[in-house]
Trainee: 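The following block contains the structure, expressed as structure tokens.
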Amino acid sequence: MEAHISTAEQVLLTTDGIPLKDSLKKTERRNKIKAFLLVFPLLLFIIVTFVVPIFDMLGRSIDDSQINQVYPKTFEEYGKWDKKADELPPEEVFKAIYFELGTGDKIMIGRALTRMNYSKSGWKSLIKKTQRQIKKDLKAETVITSYKDRLIEINEKWADRTYWYAMSQMINERTPIYYWNALDRTYDAEMNVVRQSEERRIYVKTWIKTFKVSVYVTFFCLLLGFPVAHLLANLPLRYSNLLMIFVLLPFWTSLLVRTTAWIVMLQQNGVINGVLVWLGILCDDCRIQMVYNETGTLIAMTQILLPFMILPLYSVMKVIPPSHLRAAANLGAKPFTAFIRVYLPQTVPGMSAGGLLVFVLAIGYFITPELVGGKDGQLIGHWIAYHLKTTLNWGLCAALGAILLGIMLILYWLYNRIVGIDNIKLG
Amino acid sequence: MEDFVKFERIDKSYDGEVLVVKDLNVDIAEGEFLTLLGPSGSGKTTTLMMLAGFETPTNGEIFLKGTPISKIAPYERGIGMVFQNYALFPHMTVQENLAFPLEVRKVPKADAETKVKAALDMVELGEFGTRFPAQLSGGQQQRVALARALVFEPQLVLMDEPLGALDKNLREQMQYEIKHIHERIGITVVYVTHDQSEALTMSNRIGVFNDGVIQQLSTPDVLYEKPENSFVAQFIGENNKLTGTVKSVNGQYCEVDLDSGGSTKALKINVDSVGQKTQLSVRPERISVGADNAENQFTGKVEELIYLGDHIRVRLNVCGSNEFIVKISNEGNISFKEGDNVDVSWAADDIRALDL
Ligand SMILES: Nc1ncnc2c1ncn2[C@@H]1O[C@H](COP(=O)(O)OP(=O)(O)OP(=O)(O)O)[C@@H](O)[C@H]1O
Ligand SMILES: [Mg+2]
């Protein structure tokens with residue numbers, strides 16, 4: 001027994017007496033270093049332009065530290081306020097905010113204002129007016145006995161406890177509020193999560209629409225792409241090359257050009273309506289609205305994403321031997337049965353790879369819905385861009401983006417569970 | 001009795017320029033094992049595909065039990081087929097592959113299960129039922145393909161070089177198994193191969209293909225002993241060829257002047273007139289060395305002796321050909337060595353005057 005164990009543990013040596021494993025490692029190290037150096041520039045690029053921004057975005061989606069730098073003292077005192085006992089915060093809170101507004105950095109306060117307005121609109125004008133008055137006070141070196149009274153004197157909104165309640169959302173340096181906002185939820189005065197007021201509920205609706213459009217686009221791409229891919233894989237080389245050029249043609253045309261072309265095609269005075277009216281199928285007054293709505297988004301996105309479905313499908317179909325269908329027929333299967341039982345299952349890796357690709361691209365699509373979507377064809381990307389450029393609410397942008405990212409990760413996970421990521425075939 | 005399968009004046013062209021199969025006329029009897037043998041590109045697969053219904057003859061008609069086959073859809077022909085590359089369905093297990101033809105025929109489930117099991121046992125793969133084709137060795141896949149072609153009990157089975165990918169041992173074992181199955185169930189088999197020994201050991205009849213034309217269709221022994229043209233003589237078995245001109249014709253024999261000088265008497269097979277060029281064909285084992293023979297005697301120089309145990313191959317330089325092979329069975333009395341000159345001779349009945 002003893003002897004047996006020792007032989008099992010004996011280390012294999014090379015002829016030179018170096019342990020085999022070490023020797024192997026040494027010879028492989030050079031190759032590994034070479035491989036690493038080859039991918040290093042790309043790795044660096046990806047880290048800088050992809051990984052870091054993603055983590056930065058995730059950070060921003062919960063970050064609330066800026067405002068804490070502006071009102072450190074105020075927030076500290078605010079924490080001591082017993083909301084049950086006193087209707088308004090204690091004098092110290094008023095005093096702290098008075099000086100922090102009076103002496104704080106103007107730009108920092110301005111930036112914090114934007115944030116404050118997210119939790120309650122009205123903050124901006126209140127603070128601006130108050131700030132001006134405090135500056136005057138400080139210059140005149142007015143003696144103030146009660147900062148509470150003075151602030152309420154400057155603006156009676158300081159006596160409105162809803163403002164003070166809204167402040168509780170900003171106390172923590174980390175906040176989930178942006179995520180709640182992205183799902184049409186907000187905090188009430190008691191810091192409970194509640195639904196936004198009716199007219200501000202836009203995101204859930206948009207999420208659902210984004211999903212719906214993405215599912216439809218994926219479905220239509222599959223429906224239209226499958227026969228084309230099949231043809232591509234089975235035509236003689238001469239014709240399939242030509243067809244392949246048609247499939248790839250869109251890649252050689254600017255996205256913008258293609259999208260505008262769709263506007264020309266689909267608008268009420270556009271080519272399609274024109275032809276239909278000319279043919280007498282439509283009357284001149286009943287031209288169909290096909291663009292600047294969801295239909296337009298659907299049509300244009302399907303066309304633009306179609307190649308991403310066709311190519312993976314094609315690469316899978318290309319390697320299915322034609323003899324399989326023949327064998328099926330030979331074994332007694334009618335063409336339809338042979339297709340369903342023998343051909344279709346073998347295309348699943350292509351369908352799922354293409355489907356995943358199209359869906360993920362569709363769910364975050366921006367330019368096309370922006371141009372042809374009009375008012376009700378907008379997807380979630382529209383709101384991300386809107387907050388990024390117009391309201392500068394980067395926290396909400398980041399939260400929307402993070403949710404998008406989360407959805408994609410879940411999809412990949414599901415895909416891996418159901419089909420297996422090794423089965424993915426992109427070409 | 002009506003023929004089971006009948007090819008009648010079949011032509012086939014893929015591109016309208018070249019005939020891949022030309023004027024094919026073959027009758028196959030029920031229960032027969034017919035092999036199509038020929039070099040690569042000679043039209044064997046094409047012929048099989050026309051029978052299975054995946055290619056349409058350009059001209060002519062194939063009859064299956066008297067019915068023109070063009071009237072029957074491929075999936076209704078009930079012909080089992082083993083494809084050149086097996087064509088097992090990769091997404092189904094072995095069992096599912098085998099059950100497929102039964103399912104589409106709506107065979108009751110319990111029945112189907114018994115049949116699948118029997119078919120698997122027949123090819124000795126009983127315990128591999130739950131594996132996927134990719135998890136099997138080439139030989140095992142081959143046997144699954146065979147089982148699948150047989151499981152729905154077709155009366156006719158087509159096999160397209162089913163053993164092409166196997167090593168020699170396995171191939172021989174499978175040849176035996178296929179032959180055995182054929183004898184036991186009495187199905188009709190059309191078998192394609194370009195391996196002549198495979199064809200000779202397995203078949204009732206062999207059709208030798210070349211250039212889309214059947215050169216000779218007969219039993220293995222006739223094919224070997226009495227080739228009707230030089231292609232068949234050359235293609236089947238080992239063959240010594242000599243060229244010459246017909247000098248005189250005498251009943252079923254003829255006298256041929258060899259190009260290298262001298263003359264020999266030979267069987268007249270497909271030469272008919274004096275002055276015609278001819279290729280003479282004689283099998284290595286039909287040549288005697290050292291014997292005194294009245295006719296057809298020549299001298300040759302021994303170039304090489306190859307010892308093969310039971311027999312010895314002698315390469316000679318005879319009549320201007322130094323690829324002249326003689327097989328001498330090893331009776332322990334070989335009295336010459338490389339470089340010697342020896343007498344060689346053959347009987348007129350063993351040398352055949354064929355086309356050139
Ligand atoms: N689909 C096709 N289109 C055009 N020509 C073809 C096609 N299939 C076969 N051919 C041609 O027909 C001829 C006969 O082919 P076939 O496949 O019948 O040969 P084979 O005897 O089976 O050869 P192998 O032993 O190599 O399998 C070949 O010259 C081949 O190039
Ligand atoms: Mg072939």
Side-chain angles (χ1 to χ4, degrees), chain A residues 222 226 229-231 233-241 312-355 415-426, chain B residues 14-15 45 48-55 72-93 96-107 112 116 119 132-134 141 144-154 156-162:
Chain A
L222 187 62
F226 196 94
H230 179 75
L231 205 59
N234 291 294
L235 274 184
L237 200 64
R238 213 152 29 112
Y239 303 108
S240 68
N241 273 344
L313 270 177
Y314 164 72
S315 77
V316 167
M317 289 175 175
K318 188 82 194 158
V319 295
I320 301 177
S323 64
H324 283 179
L325 276 183
R326 292 179 162 190
N330 187 258
L331 294 169
K334 295 200 175 70
F336 181 73
T337 318
F339 175 78
I340 296 289
R341 295 280 317 272
V342 175
Y343 195 74
L344 206 61
Q346 295 191 57
T347 61
V348 165
M351 286 200 284
S352 49
Y415 179 85
N416 193 25
R417 285 294 299 270
I418 297 167
V419 189
I421 214 86
D422 319 329
N423 272 335
I424 206 159
K425 282 230 178 87
L426 292 175
Chain B
Y14 284 104
D15 50 10
T45 301
L48 223 52
M49 286 300 173
M50 288 192 287
L51 185 50
F54 303 126
E55 296 293 349
I72 319 171
Y75 56 87
E76 283 171 340
R77 293 189 186 180
I79 300 175
M81 178 148 183
V82 182
F83 285 81
Q84 204 160 356
N85 54 4
Y86 313 152
L88 297 177
F89 306 138
H91 59 291
M92 298 185 189
T93 63
E96 287 164 348
N97 262 287
L98 260 63
F100 183 80
L102 302 173
E103 271 171 43
V104 297
R105 284 185 170 71
K106 309 221 158 48
V107 174
V116 167
F132 285 94
Q141 289 183 24
V144 175
L146 187 64
R148 192 180 65 175
L150 295 171
V151 70
F152 60 100
E153 291 157 12
L156 175 60
V157 177
L158 315 179
M159 304 189 190
D160 193 353
E161 302 195 28

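Throughout, protein chains are lettered first and strands after them, A, B, ... in sequence-line order, and every chain is numbered starting at 1.
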Trainee: Nearest 0.5 Å please: distance from the CG atom of Leu331(A) over to the CD1 atom of Ile79(B).
Mentor: 12.0 Å
Trainee: For Leu102(B), is it the side chain, the backbone, both, or neither that has a heavy atom closer than 4.5 Å to a heavy atom of chain A?
Mentor: neither
Trainee: Which heavy-atom pair separates His324(A) from Pro90(B) by the least distance, and what is that distance?
Mentor: CE1-CD, 3.4 Å
Trainee: Can you confirm whether more than 12 heavy atoms, excluding those of Phe339(A), are under 6.0 Å from its CZ atom?
Mentor: yes
Trainee: Without swapping roles, check the side chain of His91(B) against the backbone of Arg341(A) for a donor-acceptor pair under 3.5 Å.
Mentor: yes
Trainee: Side chain, backbone, both or neither: which part of Phe83(B) has an atom under 4.5 Å from a heavy atom of chain A?
Mentor: side chain
Trainee: Partners of Phe100(B) by ring-ring contact (aromatic ring centres under 6.0 Å, His included), sequence neighbours excluded?
Mentor: Phe89(B)
Trainee: If you look only at pairs with a residue in residues 326-335 of chain A, which of them pass as a salt bridge (Lys or Arg N to Asp or Glu O under 4.0 Å), with sequence neighbours excluded?
Mentor: Arg326(A)-Glu55(B)
Trainee: Which atoms of Arg77(B) come close to chain A, meaning under 4.5 Å heavy atom to heavy atom: side chain ones, backbone ones, both, or neither?
Mentor: neither
Trainee: Less than 4.5 Å apart, side chain to side chain, heavy atoms only: is that true for Asn330(A) and Pro74(B)?
Mentor: no
Trainee: Evaluate the side-chain proximity of Ser323(A) to Gln84(B): yes if any heavy-atom separation is below 4.5 Å, no if none is.
Mentor: no
